[in-house]
Amino acid sequence: MMHRILGIVGWLGVALIFAATFVRFVRPEWDQYVIYGVRAGLVGVVLYTLGQWRDILAFFGTRNARHGAVAGAGVLITLGLLVAVNYLSTRRNTRWDLTENQQFSLSDQTLRLLQSLETPVTFLVFDQEGGFDRFRARLDEYAYQSDQVRVEYIDADRQPARARQYQVQAYGTVVIEHDDRVERVTSETEQDLTNGLIRVLSDAPRKVYFAQGHGERTTTDTERTGYSSLATLLSRDNYIVDLTTLAQQAEVPADASVVVLAGPKTDLLPGEADMLRRYLDTGGDLLVLLDPPESDGAAVRMPVLEALLQEWSIEVGNDVVVDASGVGQLIGTDASVPVAASYPVHPITDRFNVLTAYPFARSVNVAAEPAPGRTPQAIIETGPRSW
């Protein structure tokens with residue numbers, strides 16, 4: 001009776017392995033079920049083999065068995081080589097992107113993020129049958145770059161309970177799950193997928209305050225000189241963008257990750273500068289963006305703000321940068337748009353190697369004699385024929 005049961009288990013195990021192999025090619029989105037099927041099949045085959053140990057020993061005692069053992073060893077070696085090749089091809093393979101625009105290659109930011117993962121992240125793609133292909137190439141690359149990434153494709157029509165569980169409202173929704181946090185993305189683009197990954201990994205959003213009260217650019221202005229597009233991009237990277245009027249505050253907001261002075265037209269008040277000094281002394285970050293003089297050459301001097309910058313060994317010129325190299329003509333501009341191609345070593349510009357242009361910019365330099373305890377670093381330099 002036991003032999004009969006083990007025989008059924010063995011044949012069932014073989015059937016499961018063949019069925020799982022078939023499903024792997026027909027329904028690649030069911031990869032997780034394929035793995036379970038193969039494991040269950042192997043368990044069945046092993047149980048059958050263990051149950052026949054007496055018959056196996058008796059067989060190997062015959063003369064024919066000894067000759068067959070040599071052939072069997074050859075078969076086992078061949079199978080071992082096939083398994084090794086399969087492992088190397090699936091786990092240690094090298095991928096090349098041969099498309100003209102490298103459309104399947106990930107950006108440096110995404111690569112660094114994926115390679116820094118220390119805990120598992122799951123991408124759950126909810127769509128209808130036939131809609132998974134647009135996600136597969138990109139997410140397969142995510143999984144290839146990190147062993148911590150797992151991708152699961154779920155037919156929302158066949159598994160409505162799981163769709164309700166993750167509050168999926170539309171086909172083409174990617175749910176990114178990490179620990180107890182969940183983010184939803186309705187796009188297959190790398191930018192949106194990576195931003196969703198950043199959000200789910202972040203413990204809390206970081207807050208960017210744009211200072212107001214001195215004619216600065218605003219994040220609500222949709223015109224060419226406005227910063228509404230910048231605010232949108234920051235939001236995608238899990239930043240909360242807000243406004244603050246320093247003159248109406250006792251201190252810089254405690255939840256500020258960075259304060260931005262975006263093109264002030266008038267100088268800071270001494271009290272505002274003192275507030276920023278205290279903020280910087282406690283490890284705060286300040287981004288100052290200064291416009292050049294007006295076209296008539298009349299520059300508005302800002303001694304209070306300039307004194308604050310000098311304390312950090314930063315000198316701003318009362319000028320306009322001119323680029324006489326002729327590079328601007330290649331992009332349809334003139335000498336008033338300096339082009340930079342040199343980026344000194346710094347985390348901000350790490351592996352950044354494209355040309356950048358700065359229409360109508362003023363110079364910023366490191367002080368000749370840096371202030372004690374300060375280490376100024378340039379991160380962008382115009383060419384040698386700029387002045």
Side-chain angles (χ1 to χ4, degrees), residues 28-29 31-32 93-127 131-154 156 166-208 219 227-241 257-258 260 285 287 343 346-354 356 379:
E29 65 269 20
D31 279 351
Q32 68 273 19
N93 59 316
T94 301
R95 300 161 68 104
W96 291 277
D97 186 356
L98 302 180
T99 57
E100 182 177 357
N101 297 319
Q102 299 292 293
Q103 58 180 329
F104 298 120
S105 297
L106 300 179
S107 67
D108 289 337
Q109 179 193 15
T110 299
L111 290 175
R112 287 195 295 269
L113 181 63
L114 292 172
Q115 293 165 5
S116 68
L117 291 176
E118 297 179 353
T119 52
V121 175
T122 302
F123 289 79
L124 304 172
V125 183
F126 288 87
D127 211 322
F132 297 111
D133 290 343
R134 61 191 177 107
F135 297 96
R136 197 177 299 281
R138 185 75 64 198
L139 290 177
D140 283 354
E141 187 66 21
Y142 277 51
Y144 172 76
Q145 294 295 337
S146 175
D147 293 336
Q148 300 291 349
V149 172
R150 187 173 73 90
V151 183
E152 185 176 348
Y153 297 93
I154 301 170
Y166 288 98
Q167 301 178 15
V168 173
Q169 303 295 327
Y171 295 121
T173 298
V174 180
V175 176
I176 309 173
E177 190 173 32
H178 176 259
D179 291 339
D180 296 329
R181 294 191 295 274
V182 169
E183 283 290 332
R184 296 169 187 80
V185 176
T186 56
S187 169
E188 72 276 13
T189 65
E190 178 189 348
Q191 181 183 33
D192 290 334
L193 290 171
T194 298
N195 287 336
L197 179 58
I198 291 173
R199 290 194 296 272
V200 81
L201 294 174
S202 301
D203 292 332
R206 293 160 290 180
K207 203 160 188 179
V208 179
T219 56
Y227 281 11
S228 61
S229 296
L230 175 60
T232 300
L233 292 174
L234 288 171
S235 298
R236 289 179 181 175
D237 279 344
N238 203 32
Y239 287 92
I240 295 176
V241 179
S257 297
V258 61
V260 182
D285 294 320
L287 174 62
Y343 309 96
H346 192 278
I348 290 177
T349 52
D350 181 34
R351 289 186 278 185
F352 188 79
N353 56 6
V354 298
T356 50
I379 59 173

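Atom set for the values below is all heavy atoms of this structure, side chains included, hydrogens, waters and symmetry mates excluded. The first residue of the sequence shown is numbered 1, and numbering continues consecutively from there.
Annotation: salt bridge (charged side-chain N to carboxylate O under 4.0 Å, His left out) contacts of R199 (sequence neighbours excluded): E183. Checked against salt bridge (charged side-chain N to carboxylate O under 4.0 Å, His left out), R206 has no partners two or more places apart in sequence or in another chain. By the side chain to side chain donor-acceptor pair (under 3.5 Å) test, S116 is found to be paired with no residue, residues two or more places apart in sequence or in another chain being considered. Under the rule for a ring pair (Phe, Tyr, Trp, His ring centres under 6.0 Å), the partners of Y343 that lie at least two apart in sequence or sit in another chain are F352. In this structure, Y227 has no side chain to side chain donor-acceptor pair (under 3.5 Å) partners at least two apart in sequence or on a different chain.
A cation-pi arrangement is not found for R184 relative to Y166, the charged atom failing to lie both closer than 6.0 Å to the ring centre and inside a 45° cone about the ring normal.
A distance-only check finds no donor-acceptor pair linking the side chain of R150 to the backbone of T122 [under 3.5 Å]. A donor-acceptor pair under 3.5 Å links the side-chain atoms of S257 to the main chain of K207, judged by distance alone.
Residues V151 and D140 have side chains not in contact (no heavy-atom distance under 4.5 Å, counting atoms from C-beta outward). Side-chain atoms of L201 and V121, non-hydrogen and from C-beta on, do get closer than 4.5 Å to each other.
Taking CG of L124 as the start and CD1 of I154 as the end, the distance is 4.5 Å to the nearest 0.5 Å. Rounded to the nearest 0.5 angstrom, T186 OG1 and Y171 OH are separated by 15.5 Å. T219 contributes atom OG1, which lies 9.5 Å from atom CG of L234 (distance to the nearest 0.5 angstrom). In this structure, CD on Q145 lies 5.0 Å from CG on L111, to the nearest 0.5 angstrom.
Evaluated for a side-chain contact (heavy atoms from CB on, under 4.5 Å) with L193, the options T110, L106, V174 yield exactly one hit, V174.
The ring pair (Phe, Tyr, Trp, His ring centres under 6.0 Å) contacts involving residues 105-124 comprise F123-Y142, where partners must be two or more places apart or lie in separate chains.
Side-chain contact, E190 with S107: a donor N or O sits under 3.5 Å from an acceptor N or O.
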